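First the proteins, then the strands, lettered A, B, ... as listed; each starts at 1. Only a predicted model underlies this, so the values are computations on that prediction, with no experimental measurement involved.
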Amino acid sequence: MSPKNSRAPLWPRWLLAGPLAALCAALIMAGGALWLPRGAAGIDNLVLPILAFPAIWAVLFFYACLTRHLRRAYALLLALLLAHALALGLQLS
Amino acid sequence: MLRLPQHQTKTLLAIHGWSAVLLGLLLYAVIVTGVACVFAREIADWSSPLERAVDDPYPRGTDMALRRLAATVPAQYQEELFFYPRAGGRLYAFFHRHEQDAGGKPVERGVAAEIDPLSLQILARREGSADALQRSERSNALADFMVEMHVRLHVPDPYGLLLTGVLGLAMLVAAVSGFLIHRHLLREIFTLRRWRAQRGADGALLASRDAHVLAGSWNLPFSFILAFTGSYFSFASAFGIPAMAMVAFKGDQEAMITAIVGHPAQEDRRMQATADLDAMLADARARSGVAPSFVQLEHWQRADARVTFFLPAQGSQLSSPTYVYDGASGAFVQEKPVLGLRPSLGGALADLMAPLHFGNFAGLLSKALWFALGFAAAYVALSGLQLWTQRRAESRAWRRLARAVHWVGYGLPLALIATAHAYFPARQSEVLPQEAMMQMFLLVAALSALAALLIRELAQLRRLLLLATAVALLGLPVLRLLCGGPGWWRALQAQLYGVPALDLLLLAAGIWCLWLIRSPGTLRMPSLRELRS
Amino acid sequence: MSSAQLTLLCLLPSLVVLWLLASQDPKRRRSLRLPQRQPRLPRTPGVALLLLPGLLLGGFGQWPALLMWMGLTLSLGWLLTQLLAWRA
């Protein structure tokens with residue numbers, strides 16, 4: 001992406017910004033039900049993640065597209081992804 | 001202004017352009033139909049008015065009319081009822097029960113009826129699932145067609161909703177990336193070099209660039225709002241609610257919705273007559289000062305019957321609470337937010353989504369404004385696509401996309417207006433309006449595609465499609481009249497002011513299209529001759 | 001006062017400021033080959049003045065009026081730029 005590494009293949013970035021960011025956003029939304037506070041009416045943990053889904057995806061997408069530290073971005077997104085997948089797996093099992 | 005490194009600006013420009021190229025035409029279709037949907041209720045009133053204007057959507061006797069309808073409804077469908085005013089002020093009532101289809105998706109099935117609030121007679125009665133009822137809709141069909149196109153592009157669930165959700169995200173990406181790449185947002189906010197449009201290929205490109213950047217800059221906050229709220233609505237029902245129900249309610253979406261709305265789960269299935277709805281309506285009106293926009297009654301004729309009144313926004317608020325009544329005694333129980341039993345952050349934010357997306361929080365003024373802002377967003381989408389293809393006009397492949405942009409850009413509004421031409425005769429006959437409208441839409445889309453393939457110069461294609469649109473717009477009030485609609489004098493006498501008002505708007509839009517044909521326009525593809533020179 | 005009245009009340013000063021900003025905008029004048037003018041209202045205070053009615057509406061919690069003021073200011077700003085480009 002940057003002039004310095006313009007010859008680097010593009011697919012790792014698009015893999016991160018495309019399917020991984022979408023999957024990560026979906027898992028953060030679903031997993032949010034488990035760790036978000038329930039709020040005054042006891043519904044915030046269910047409502048807020050659905051409301052925030054477009055914003056979560058957009059932040060992850062732009063971060064993945066623009067970051068110069070692709071490895072760090074992979075590490076962060078995979079960590080978020082695995083943590084939520086694990087929490088959801090435990091909840092659903 | 002934001003100053004991003006050059007490589008990031010280039011990346012953002014690529015994201016901005018390619019997301020538009022890949023999804024822009026579908027996004028344009030969603031925006032254009034969204035613009036029409038702002039006035040969905042007014043379109044329904046105009047296309048299917050009653051004998052005279054309805055002053056009170058829930059007149060005294062509504063209770064009796066609903067009980068008369070209930071007597072004809074099989075007991076299995078009396079689990080729940082909702083009613084609200086629709087086309088022309090007809091009271092639409094739907095007795096139904098909740099089922100799950102083969103895929104586990106919640107489905108409503110029951111008996112729907114339209115009640116004339118002027119005579120309290122049942123005008124139409126149909127039975128089936130909510131989807132089937134919508135397919136056989138008559139009085140509200142024209143507005144429904146536009147809403148279906150906007151919400152899911154007539155693609156079955158959940159794919160249609162997922163598609164429009166992705167389009168919403170694409171619009172969000174375009175708005176954010178457009179903001180970040182436009183370094184001179186304020187410095188160029190008044191710059192439009194329209195006069196350059198006719199001065200060769202370079203001038204046309206500059207004028208198109210100005211037109212796109214200008215409309216995009218002024219419309220930026222609303223594009224963001226509409227994109228965010230739109231993708232929320234699509235994803236929430238297609239994916240968000242099922243996913244959260246899976247996590248927290250073992251996949252039971254009904255249980256999750258009940259929990260979010262905040263109604264207690266205790267059931268009392270004993271039979272008990274439901275109290276007088278007229279009295280509850282009068283009480284809700286006295287408390288709020290307005291007529292409810294929607295009424296829901298759970299457990300008709302049961303001891304645990306509950307009636308919820310949804311109210312329109314008033315005063316300095318963008319949304320309103322709901323009133324809950326005990327259905328068996330008719331007593332007022334509580335005022336509560338739409339979501340949750342008490343005010344909460346999640347409930348308050350969720351309440352904001354509908355007024356921000358629909359612009360229906362302050363009557364006709366806010367709706368007219370949302371119409372204008374939606375129109376500007378459609379212009380931004382179209383001008384952006386045109387600019388992208390114009391910059392690459394020397395390549396044959398991109399000229400093909402430019403042709404597609406002209407086809408969709410000018411052909412889609414034409415096809416949508418043509419659906420109204422199919423609606424009026426279909427409503428008069430035995431034909432299902434939804435089917436007739438879809439056939440007409442596809443026919444006009446195919447004909448305009450044919451024109452796009454056969455006509456060499458894009459300027460000529462634009463003129464032809466604009467002329468056809470003008471003819472369709474100017475002919476629509478005449479067709480409405482020929483198909484039994486009221487004339488202007490009769491409409492004014494019956495206080496149906498929306499009928500002549502919308503007719504006049506259609507005529508004005510038709511004249512504007514004729515003017516556009518004469519005007520070369522700011523957006524202009526350079527001709528082949530200009531490109532070669 | 002209704003939301004519509006509040007909106008119109010706040011819109012009027014915003015429109016005056018918009019007009020001033022648009023009519024003296026150096027880039028617009030240059031692009032239309034009009035003579036440059038000494039700005040009567042510098043851009044930064046002008047933009048602040050333009051936004052002031054909106055801030056007041058937000059401060060007093062008049063959300064429908066704030067949204068309508070914002071929508072009208074933005075739509076009319078776009079329209080004004082179109083008209084000024086037409087006239088030139």
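- Considering only heavy-atom pairs separated by less than 4.5 Å from chain B, the leading option among A:Pro54, A:Ala52, A:Gly31 is A:Pro54.
- One distance of note links CZ of A:Arg13 with OG1 of B:Thr11; it measures 7.0 Å at 0.5 Å rounding.
- Between the CD1 atom in A:Ile43 and the CD1 atom in B:Ile260 there is a gap of 6.5 Å [rounded to 0.5 Å].
- Annotation: the span from A:Phe62 atom CZ to B:Ser177 atom OG amounts to 5.0 Å, rounded to 0.5 Å.
- Taking NZ from B:Lys250 and CD from A:Gln91, the interatomic distance works out to 8.0 Å, rounded to the nearest 0.5 Å.
- If you tally non-hydrogen atom pairs under 4.5 Å between each of A:Leu48, A:Val47, A:Asp44 and chain B, the highest count goes to A:Asp44.
- Heavy-atom distances place both the backbone and the side chain of A:Ala33 under 4.5 Å from chain B.
- Considering only heavy atoms from C-beta on, B:Val176 stays 4.5 Å or farther from A:Phe61 through its side chain.
- Environment of CZ in B:Phe294: crowded, with over 12 heavy atoms of neighbouring residues, nucleotides or ligands closer than 6.0 Å.
- Contacts between B:Phe228 and chain A at a heavy-atom distance below 4.5 Å involve backbone atoms as well as side-chain atoms.
- The neighbour count for B:Met353 CE, taken as heavy atoms of other residues, nucleotides or ligands under 6.0 Å away, is above 12.
- Residue with the most contacts toward chain B among A:Leu34, A:Ile50, A:Leu36, A:Leu92: A:Ile50 (heavy-atom pairs, distance under 4.5 Å).
- One finds the CZ atom of B:Phe235 at 10.0 Å from the CE atom of A:Met29 (value rounded to the nearest 0.5 Å).
- If you measure heavy-atom distances from A:Ala22 to chain B, you find no contacts under 4.5 Å at all.
- Contacts between B:Ala227 and chain A at a heavy-atom distance below 4.5 Å are absent for every atom of the residue.
- Taking CG from A:Leu66 and CG from B:Leu12, the interatomic distance works out to 4.5 Å, rounded to the nearest 0.5 Å.
- In this structure, the portions of B:Leu169 lying under 4.5 Å from any heavy atom of chain A include both its backbone and its side chain.
- Contact of B:Phe249 with chain A is made through the side chain alone, with heavy-atom distances under 4.5 Å.
- In terms of heavy-atom pairs under 4.5 Å with chain A, the best-connected choice from B:Gly347, B:Pro343, B:Ala259, B:Ser344 is B:Ser344.
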